[in-house]
Undergrad: 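Structure incoming, see below.
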Amino acid sequence: MPSMSLSVPHQLGRDEAISRLKNESEQVKSKFGAQVSDLQETWEDDLVRFQMKVMGMKVNGQVEFADDEVLIKADLPMAAAIFRGMIEQQIRSRLEAVLV
């Protein structure tokens with residue numbers, strides 16, 4: 001299974017980054033509910049583990065929050081491997097917008 005890993009720097013501090021991404025998560029659920037299903041999140045202080053189906057394909061990974069960066073690691077389905085660069089860029093772009 002292909003994986004992706006990306007780091008997005010910020011200057012918000014860990015707690016504010018967590019707060020903003022929790023809010024963003026709720027917006028994504030409501031906006032993309034038709035494409036994203038079975039979303040499960042497990043929060044452990046500054047780490048969230050997640051599982052979901054995107055367009056019927058299982059994706060799992062984790063988001064780790066630090067004082068100056070957010071680190072995302074995820075396993076992608078084989079069918080999404082050719083789109084990995086595009087997926088990473090879209091996630092990075094969205095996170096940069098949220099973490100400004």
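Just the heavy atoms: all of them, side chains too, but no hydrogens, waters or symmetry mates, feed the values below.
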Undergrad: Under the 3.5 angstrom rule, does the side chain of R49 hit a backbone N or O of Q62 as a donor-acceptor pair?
TA: no

Undergrad: Using side chain to side chain contact (heavy atoms under 4.5 Å, CB included) as the criterion, list what pairs up with P9, not counting sequence neighbours.
TA: none

Undergrad: Can we say E64 and K73 salt-bridge, meaning some charged N sits less than 4.0 Å from an Asp/Glu carboxylate O?
TA: no

Undergrad: Can you tell me how far apart CG (D68) and CG (L99) are? Round to the nearest 0.5 Å.
TA: 11.5 Å

Undergrad: Going from CD1 on I18 to CG on L12, what distance comes out if it is rounded to the nearest 0.5 angstrom?
TA: 11.0 Å

Undergrad: Tell me, do P2 and M78 make a side-chain contact under 4.5 Å, heavy atoms counted?
TA: yes

Undergrad: Just wondering, are more than 12 heavy atoms of other shown residues or ligands nearer than 6.0 Å to CE in M57?
TA: yes

Undergrad: Between M52 and V36, is any pair of side-chain heavy atoms under 4.5 Å apart?
TA: yes

Undergrad: In a table with atom names and distances, give each donor-acceptor pair under 3.5 Å that connects a side chain of residues 84-92 to protein atoms at least two apart or in another chain.
TA:
unit_1	atom_1	unit_2	atom_2	d
R84	NH1	S3	O	3.3
R92	NH1	S7	O	2.8

Undergrad: Using the rule side-chain contact (heavy atoms from CB on, under 4.5 Å), only one of L21, T42, V63 pairs with V48; which is it?
TA: V63

Undergrad: As an exercise, state the distance from NZ of K53 to CG of N60, rounded to the nearest 0.5 Å.
TA: 12.5 Å

Undergrad: Check whether R14 reaches the backbone of V70 with its side chain - one donor and one acceptor, N or O, closer than 3.5 Å.
TA: no

Undergrad: Under the side-chain contact (heavy atoms from CB on, under 4.5 Å) rule, what do V8 and E96 come out as? Steps first, then yes or no, please.
TA: CA-CA 7 Å; V8 178; E96 287 172 347; 3.8 Å; yes

Undergrad: Answer with yes or no whether the hydrophobic clustering places V54 together with I82; edges join I, L, V, M, F, W, Y residues whose side-chain heavy atoms lie under 4.5 Å apart.
TA: yes

Undergrad: So I72 and M4, side-chain contact (heavy atoms from CB on, under 4.5 Å) or not? Walk me through it.
TA: CA-CA 8 Å; I72 298 178; M4 67 168 221; 4.2 Å; yes

Undergrad: Please collect all ring-ring contact (aromatic ring centres under 6.0 Å, His included) contacts where either partner lies in residues 49-89, sequence neighbours excluded, each pair once.
TA: W43-F65

Undergrad: H10 side chain to L95 main-chain N or O, any donor-acceptor pair under 3.5 Å?
TA: no

Undergrad: Could you tell me whether E16 and R20 make a salt bridge, using a distance below 4.0 angstrom between a side-chain N and a carboxylate O?
TA: yes

Undergrad: Heavy atoms only: give me the nearest P77-V59 pair and the separation to one decimal.
TA: CD-CG2, 3.9 Å

